[in-house]
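Take a look at the structure below.
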Amino acid sequence: MKFIQALNALLVGLTNAKAASHSSNSLVSAAGDIAIIPGWNLQSSLYVSTSSSHLSQPGVGVTDWHRVGPRGTVLAGLIESGVYSDEQLFFADNLNSLATNLSFRSPWIYREEFAMTPDQDQYFTLHTHGITSKADVYLNGAMIVGSDEQQGSYGGRQYNVTGNIRHGTNGLLIKAYQTDYLRDFSMGFVDWNPYPPDNGTGVWRNVEIKQSGPVSMSPFRVVIVLKSLTETKKVHLTLFTDLVNQSQRKIQVTVKGTIISPLGSTASPVARSIHLGPEERKTISIPATIENAAIWWPARWGDQRLYTVQGEVKIEDSRKTVSDKSRPQQFGIRKVFSRVNEHNDTAFFVNDRPFQVMGGGYGPDIFLRFEKTRVAKIFEYMLDMGLNTLRLEGKQEHPELYELADQMGIMILAGWECCDKWEGWEYNDDANGVKWVKSDYPIAQAAMLHEAEMMQTHPSMLGLLVGSDYWPNAQATQIYLEALRQMNWDNPVIASASQRGYPEALGPSGMKMDGPYDWVPPNYWYGDREGAAFGFGSELGAGVGTPELSSLKRFLSDEELEILWRQPNATQFHMSRYDSQFYDRSIYNSALFARYGEPVDLEDYILKCQMADYEATRAQFEAYSAKQNASRPATGSIYWMLNSAWPNLHWQLFDYYLSPMGAYFGAKVGNRMEHVAYDHKKETVWLINHSLESKGERQLMIDLIDINGTEISSIVVKTETSPSSSKEVGRPGGIDHIQDLAFLRLTLRDTNTNQDLSRNVYWLAPQNDVLDWDNSTWYTTPVTKFANFQQLQSVPNAIVKATAHKAKVKGPHGHANVDIQLENVSDHPAVFLRLTVINSSDQTVIAPVFWSDNYVTLWPKESVRVSVLFEGDLDGAVFELSGRNVQKAQFTCLGASN
Ligand SMILES: *[C@@H]1O[C@H](CO)[C@@H](O)[C@H](O)[C@H]1NC(C)=O
Ligand SMILES: *[C@@H]1O[C@H](CO)[C@@H](O)[C@H](O)[C@H]1NC(C)=O
Ligand SMILES: *[C@@H]1O[C@H](CO)[C@@H](O)[C@H](O)[C@H]1NC(C)=O
Ligand SMILES: *[C@@H]1O[C@H](CO)[C@@H](O)[C@H](O)[C@H]1NC(C)=O
Ligand SMILES: *[C@@H]1O[C@H](CO)[C@@H](O)[C@H](O)[C@H]1NC(C)=O
Ligand SMILES: *[C@@H]1O[C@H](CO)[C@@H](O)[C@H](O)[C@H]1NC(C)=O
Ligand SMILES: *[C@@H]1O[C@H](CO)[C@@H](O)[C@H](O)[C@H]1NC(C)=O
Ligand SMILES: *[C@@H]1O[C@H](CO)[C@@H](O)[C@H](O)[C@H]1NC(C)=O
Ligand SMILES: *[C@@H]1O[C@H](CO)[C@@H](O)[C@H](O)[C@H]1NC(C)=O
């Protein structure tokens, strides 16, 4: 785990525009001030009869409107102001109750008053960063812009409001029009989940007012020339900013950029004497040099050294008045590129090393609420699971997300969303997005310019996908590329996340989108077709991610819980949308019932799900890891998906309440830095090394026991490991003679330090699952014969002794840190031991929680030690242990006072 508090403290307020402190209540009052409109009064246009122009005048009474914060969709605002409760909306099918409410089919009004003290030679701009789906903007009775121009969730624009700002109270009004995902450039959920009743309509990003003098400047963009990772004594870079001249009188200006190094030293390159025509916009560049540059690395490879650049433009007169300032931008010195290799697969490189993408698809909140602290927890989970990349499919969120990714060393693959309006191409017959017409291109252009500016400096950017399932047409591609060029974009640009076609200007994407999205068995991943581990899989997974019962009870009614295990083919509101392939668990459940046996009750069903989910994610990540340097390398994969937009039954590695589960720990095992993995197809064992440096002698122990714990074989292999590579190193003995069921334990030891690097147990059936590859669909590959694990029922009950000790050191952030010793005192295996931390006062499960390992299987008489970190008070925590053949029991920590 990596904690980032120190850095956070250092960078606090980086993206937070500062409310000016110069004048007591003026929103802004000095050149360079930029302030977020601090909140809004929100109301449906159905309940407002006055004209927008009149309503935007100061002094209009809106006391009965809903009071909300600076950014939020309509639904987010209604929850924030207490009209609805999300816990309630998420329960059962309550969300449906809003589907017929007409207010969500009409515009909504956001209105705010704020004080200003404008003076001579002061200029003001209003900055939008995207309003869904489109908006009319009024200030003090005047229309600033209409919805013909202010369009799209990413349509961030700047308007000159110098002539509209008044001394004293000002009134700002935004009328946000309702959203249709097929018609508007918005943020849809396609088949991920039911749609929010408002389709995400509203002022979902901040709106700002900026003050400048006669010449204003944009935030810096940074272009770094890093020839080689070894030539860091002097790194050359160029700062770019756009200046706009608002004045009619003759002036000269100087632009200064200030670069603050990770250690706090500063360098201040300067450009002088700029000449601009009236109202002219000009991009200027300032060369700069960084001595002894500190390199930025992705989390697993090194530190995240970050520089900050900010600047100002000054008038060249005797008083050297500041005319504008640019907000601080975080940047890092690193090198990223991609190429399509000889197999036509995209391969990424970071700092000249092949960077195997082990990623996940990001789910924003269903109501697009954004809390930086929640995203930080999600990122902690990613790092804990060994994931290195987040894919944003048309969900670019806010600047804070990129700052966090920079600080935590997570790479970002951003890009536009599939289907919907974004992919309304004449050659796209798979989706219903309204086809693009002439007036759509400027909206797409504004979106690309704005998002590129937001992302440009961030070292976490791995690339941008300008299409997902489909590629943009030639005209859109040209517009995107021109916008990116204008924003000095120097990261990879990829046509789409699939191989259906491509625009000439970009060439093939080198990414496959061949499924699966629904259940496939573990040996699938070792195949040589579809989504199996070769090339780059842009979105794929076995459709698993069942939450544990404690979470399920929060969003499913008793009746729904009964249906969950009793009616395996029933439709599920808490899955994909009703018109989707993934609206039920039938494929998943038919495999589960056949392989693990029909569930006897709800708890039994959930435990079987956890085992199936663990197997599924482990095999997927292991196979991609095993094939990292295969003859056709697995260059990367994006697990579909990392997390969900709301409490959900599938497509996630942890649940909406941030509780981990079987899928989480399967992924965590499968992504271990150094690991030994079982190849479910060839029945061999792979040695995996994801590190950049670790090498040398390793010892592998390959142990197979039968269902009763009797040894079938025990093999020790001595070998060598080398960085960023995997190889086959052996085969368990007796694997062809399994009766009923066997357990395979793989242990990896560093013989120099005598440390165990990885320990991991598989349950194996006498016969593997048999795949029917030729009958594959876009979402799954059918299985004609299932592996049979039903003999798990015959494993005798085991007794496990659990002892918890407070760890010697406290966890980061003052987190509780506990070591737990698990000892199987029985003569037979203790299968799939599940540990949970519970808050003893209200019996709720504590989350997030960071287990070094969980859902472990122990050999007869074996002991293992796991550790756990969690927020909160150790004295109020109880641990719960249960397992496939272990009675549920609670225990507390020795040394804690309860
Ligand atoms: C429709 O939604 C509005 C705003 O959320 C709410 O005030 C109103 O009561 C709802 N109407 C019905 C009939 O539920
Ligand atoms: C949301 O968008 C969908 C199209 O994807 C549309 O059918 C639906 O009517 C929209 N809902 C609202 C409330 O406008
Ligand atoms: C902004 O508006 C002011 C006042 O109307 C005007 O003086 C100025 O030139 C405008 N700036 C630009 C860049 O158009
Ligand atoms: C801005 O334009 C005016 C009018 O042409 C000109 O006099 C002035 O020098 C320009 N300012 C800069 C910084 O170029
Ligand atoms: C890669 O793609 C090119 C162009 O589509 C094709 O000619 C070539 O055969 C492909 N190579 C492989 C290894 O599939
Ligand atoms: C349930 O779904 C599975 C998989 O789609 C199918 O094979 C089976 O026939 C279905 N059962 C019923 C009763 O519909
Ligand atoms: C991958 O790397 C390992 C270790 O260097 C090597 O033994 C193996 O042959 C490589 N695999 C391929 C297919 O080149
Ligand atoms: C496991 O033990 C049971 C009870 O002693 C026995 O019936 C069974 O055959 C054993 N299984 C194996 C695979 O040895
Ligand atoms: C596909 O499945 C059907 C039965 O569902 C079977 O008859 C057919 O042989 C399968 N096709 C292939 C190519 O295996």
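In each ligand, atom 1 is the first atom listed, and ligand 1 is the first ligand listed.
In this structure, Thr132 and Met187 approach most closely via the heavy-atom pair OG1-CE, 4.2 Å.
Here the heavy atom of the protein found nearest to atom 13 (C) of ligand 7 is Asn629 O, 3.2 Å. Nearest protein heavy-atom contact of atom 14 (O) of ligand 1 is Asn101 ND2, 3.5 Å. In terms of protein heavy-atom proximity, atom 7 (O) of ligand 1 is nearest to Tyr47 OH, 4.3 Å. Protein heavy atom in closest approach to atom 12 (C) of ligand 8: Asn708 ND2, 3.6 Å.
Considering backbone and side-chain N/O of Lys727, none are found under 3.5 Å from N/O of ligand 7.
For atom 5 (O) of ligand 7, the nearest non-hydrogen atom from the set Ser631, Pro723, Ala630, Ser722 comes from Ser722.
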Hey, can you pull the donor-acceptor pairs under 3.5 Å for the side chains in residues 194-202, sequence neighbours left out?
residue : atom : partner : partner atom : Å
Tyr195  : OH   : Val190  : O            : 2.8
Tyr195  : OH   : Arg577  : NE           : 3.4
Asp198  : OD1  : Gly200  : N            : 3.0
Asp198  : OD2  : Val74   : N            : 3.4
Asp198  : OD2  : Leu75   : N            : 2.8
Asn199  : ND2  : Thr179  : O            : 2.7
Thr201  : OG1  : Thr179  : N            : 3.2
Thr201  : OG1  : Thr179  : OG1          : 2.7
Thr201  : OG1  : Asp198  : O            : 2.8

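Using 4.0 Å as the threshold, Ser103 has a heavy atom nearer than that to some atom of ligand 1.
In this structure, atom 2 (O) of ligand 8 has a protein heavy-atom contact shorter than 4.0 Å. Checking atom 9 (O) of ligand 7 against the protein gives no heavy-atom contact under 4.0 Å.
Judged purely by atom type and a 3.5 angstrom limit, Glu80 has no side-chain atom pairing as donor or acceptor with the backbone of Gly77. No donor-acceptor distance shorter than 3.5 angstrom exists from the side chain of Gln620 to the backbone of Ala667, with no hydrogens or angles considered. Put simply, the side chain of Asn523 never gets that close to the backbone of Gly527: no donor and acceptor are under 3.5 Å apart.
The part of Leu78 lying near ligand 1 is the side chain, judged by heavy-atom distances below 4.0 Å.
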- Query: Run the side-chain contact (heavy atoms from CB on, under 4.5 Å) check on Phe743 and Ile712 step by step: do they pass?
  - Reply: CA-CA 10 Å; Phe743 295 98; Ile712 299 174; over 6 Å; no
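The distance from atom NE2 of His54 to atom CG of Leu173, rounded to the nearest 0.5 Å, is 11.0 Å.
Each of the following atoms of ligand 7 lies closer than 4.0 Å to a heavy atom of Ser726: 1 (C), 2 (O), 3 (C). Near Asp706, meaning under 4.0 Å from any of its heavy atoms, are these atoms of ligand 8: 12 (C), 13 (C), 14 (O).
Using cut-offs of 30° and 60° on the angle between ring planes, the pair His574 and Trp646 is parallel.
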